[in-house]
**Student:** 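Sharing a structure, written as structure tokens. Questions coming.
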Amino acid sequence: MSRFIDYFGISPRRVDGNVVNYSGGNQQKVLLGKWIMRDPKLVILDEPSRGVDLGARRRIHEFISELAQRGAGVLLISSEMEEVLGLAHRAYLVRSGRIIDEIVPDETGAEAVLWKLFHSEDGAVMQRRAS
């Protein structure tokens, strides 16, 4: 486990099972470290870098890329457009619980993604419904 503590830069350096007192970023990194030890074939990550500092976010993104390079399937669920565009090979845009489009991030810019998410097929800006 010390290899993963070094790899993720986890602080404090001793993981004794009581990670509840760690920062959010270090809690996330401890969980990721435990998962990678099992050599997973598929990992589902829901908002993996939400609420963490920039350094932890960078390390988590590196980890996700390394998992994919090792051949693991990574299903990334994120509301962070930059995270998706920077990490995904293929992405599905979801609005109101429905898939509205599939994109290839390397070929699609942020402006195009925003257009697809917030405009209807006729080009009108989508209005937020009052609940």
**Student:** Hey, is E62 close enough to R58 for a salt bridge, meaning N to O under 4.0 Å?
**Tutor:** yes
**Student:** Could you give all pairs that pass the salt bridge (charged side-chain N to carboxylate O under 4.0 Å, His left out) test and reach residues 41-50, with sequence neighbours left out?
**Tutor:**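 Of all non-adjacent pairs touching residues 41-50, those that pass salt bridge (charged side-chain N to carboxylate O under 4.0 Å, His left out) are D39-K41, E47-R50.
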**Student:** Run through the side-chain heavy atoms of Ile, Leu, Val, Met, Phe, Trp and Tyr, join any pair under 4.5 Å, and report what else lands in I99's cluster.
**Tutor:** Y92, V94
**Student:** Going by side chain to side chain donor-acceptor pair (under 3.5 Å), name the residues that satisfy it together with D53, two or more places apart in sequence or in a different chain.
**Tutor:**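 Side chain to side chain donor-acceptor pair (under 3.5 Å) check on D53 returns nothing, list empty.
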**Student:** Can you name the residues that form a side-chain contact (heavy atoms from CB on, under 4.5 Å) with S65, not counting sequence neighbours?
**Tutor:**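 S65 satisfies side-chain contact (heavy atoms from CB on, under 4.5 Å) with L87 once adjacent residues are dropped.
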**Student:** Between P40 and A72, what is the shortest heavy-atom contact and its length?
**Tutor:** O-CB, 3.5 Å
**Student:** Side-chain heavy atoms under 4.5 angstrom apart, residues restricted to Ile, Leu, Val, Met, Phe, Trp, Tyr: same cluster for I100 and L114?
**Tutor:**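 The answer is yes; both residues are in one hydrophobic cluster.
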**Student:** Holding to side-chain contact (heavy atoms from CB on, under 4.5 Å), I want the full list of residues that pass it with A112, two or more places apart in sequence or in another chain.
**Tutor:** T108
**Student:** Might you work through the side chain to side chain contact (heavy atoms under 4.5 Å, CB included) test for E80 and R57, ending with a clear yes or no?
**Tutor:** CA-CA 12 Å; E80 298 285 335; R57 178 180 300 252; 4.1 Å; yes
**Student:** What's the verdict on side chain to side chain contact (heavy atoms under 4.5 Å, CB included) for K116 and I103, showing C-alpha distance, side-chain angles and the deciding distance?
**Tutor:** CA-CA 10 Å; K116 291 172 187 253; I103 64 165; 4.3 Å; yes
**Student:** Before you tell me yes or no, could you show the steps for V52 and R59 under side chain to side chain contact (heavy atoms under 4.5 Å, CB included), namely the whole-Å CA-CA distance, both residues' side-chain angles and the distance that decides it to 0.1 Å?
**Tutor:** CA-CA 11 Å; V52 301; R59 194 65 198 120; over 6 Å; no
**Student:** Sequence neighbours left out, what passes side chain to side chain donor-acceptor pair (under 3.5 Å) with S78? Give chain and number order.
**Tutor:**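 Counting only residues at least two positions away or on another chain, S78 forms a side chain to side chain donor-acceptor pair (under 3.5 Å) with E83.
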**Student:** Show, in sequence, the C-alpha distance, side-chain angles and deciding distance for V74 and L45, and conclude whether the side chain to side chain contact (heavy atoms under 4.5 Å, CB included) test is met.
**Tutor:** CA-CA 7 Å; V74 179; L45 301 170; 4.1 Å; yes
**Student:** List in chain and number order the residues that pass salt bridge (charged side-chain N to carboxylate O under 4.0 Å, His left out) with E102, two or more places apart in sequence or in another chain; answer none if no residue qualifies.
**Tutor:**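 Counting only residues at least two positions away or on another chain, E102 forms a salt bridge (charged side-chain N to carboxylate O under 4.0 Å, His left out) with R90.
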